[in-house]
Amino acid sequence: MQPSPSFNTLVYALVRHIPRGKVLSYGRVAELLGVPNGARAVGWALSALKYTRVVEPVPWHRVVNAQGRISIKGAPEAAFEQHARLEDEGIVFDERGTLDMSRYLWDPPPPVVAELLRDAQGGRPDADAP
DNA sequence: CAATTGACTTGAT
DNA sequence: TATCAAGCCAATT
């Protein structure tokens, strides 16, 4: 078994919970995981999917930047794919390639996040470790 | 252990 | 509206 899941693992776990047709911003993901300013780290984690083998698929396309725009750089194909997948899920982009965050932003049920963070601590907060 | 990197954010110009 | 700069973070080297 693994030690406490890395930050990346937590990111993947949370992103896997984003429902179809909804999105989350990098900053919001970080915030939910308890790292208010870790937006970049989240981006790093998702970009790492290219090299990391995750058993369960991660709907990486459901994460966009705070402005509601695709934020992938240096990989036009991937960016295009993300845009296509989101439209496939019913999300509408305006002429400038922006989606309405106030409408598509997902608000995760607290229990979901709580459970995620709990598992992160080894599944059992019992083991007090100061 | 220090430097580097990048699918971020925010606030100022 | 578009650019720019400075913070912030985890993983990599």
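So that the names make sense, note that chain A is the first sequence line, chain B the second, and so on, each numbered from 1.
Of the listed nucleotides (C:dA11, B:dT9, C:dT1), C:dT1 has the atom at the smallest distance from the side chain of A:Arg96.
For DNA chain B, the neighbouring residues in residues 19-56 of chain A, judged by any heavy atom under 4.0 Å, are A:Ser25, A:Tyr26, A:Gly27, A:Ala39, A:Arg40, A:Ala41, A:Gly43, A:Trp44, A:Leu46, A:Ser47.
Rounding to whole angstrom units, CD1 of residue A:Ile70 and C1' of B:dG6 are separated by 17 Å. Between A:Asn8 atom CG and B:dA7 atom C1' there is a gap of 13 Å when expressed in whole angstrom units. B:dT5 atom C1' lies 17 Å from atom CD1 of A:Ile72, rounded to whole Å. Between the CD atom of A:Gln67 and the P atom of B:dA7 there is a distance of 16 Å, rounded to whole Å. The CZ atom of A:Phe7 sits 7 Å away from the C1' atom of C:dC9 (whole-angstrom rounding).
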Audit row: A:Asp107, A:Arg28, salt bridge (charged side-chain N to carboxylate O under 4.0 Å, His left out) steps and yes/no: CA-CA 10 Å; A:Asp107 188 35; A:Arg28 186 72 179 115; 3.7 Å; yes
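At least one donor-acceptor pair under 3.5 Å links the side chain of A:Glu89 to the backbone N or O of A:Gly21. In terms of modelled atom types and a separation under 3.5 Å, the side chain of A:Arg16 and the main chain of A:Val58 share no donor-acceptor contact.
None of A:Leu99, A:Leu24, A:Ile72, A:Ile91 except one satisfies the side chain to side chain contact (heavy atoms under 4.5 Å, CB included) rule with A:Val64; the exception is A:Leu99.
B:dA2 is paired with C:dT13 under the Watson-Crick or G-U wobble criterion, all donor-acceptor distances under 3.5 Å.
The CH2 atom of A:Trp106 sits 10.0 Å away from atom CZ of A:Arg62, with the distance rounded to the nearest 0.5 Å.
In this structure, a donor-acceptor pair under 3.5 Å is absent between the side chains of A:Ser6 and A:Asn8.
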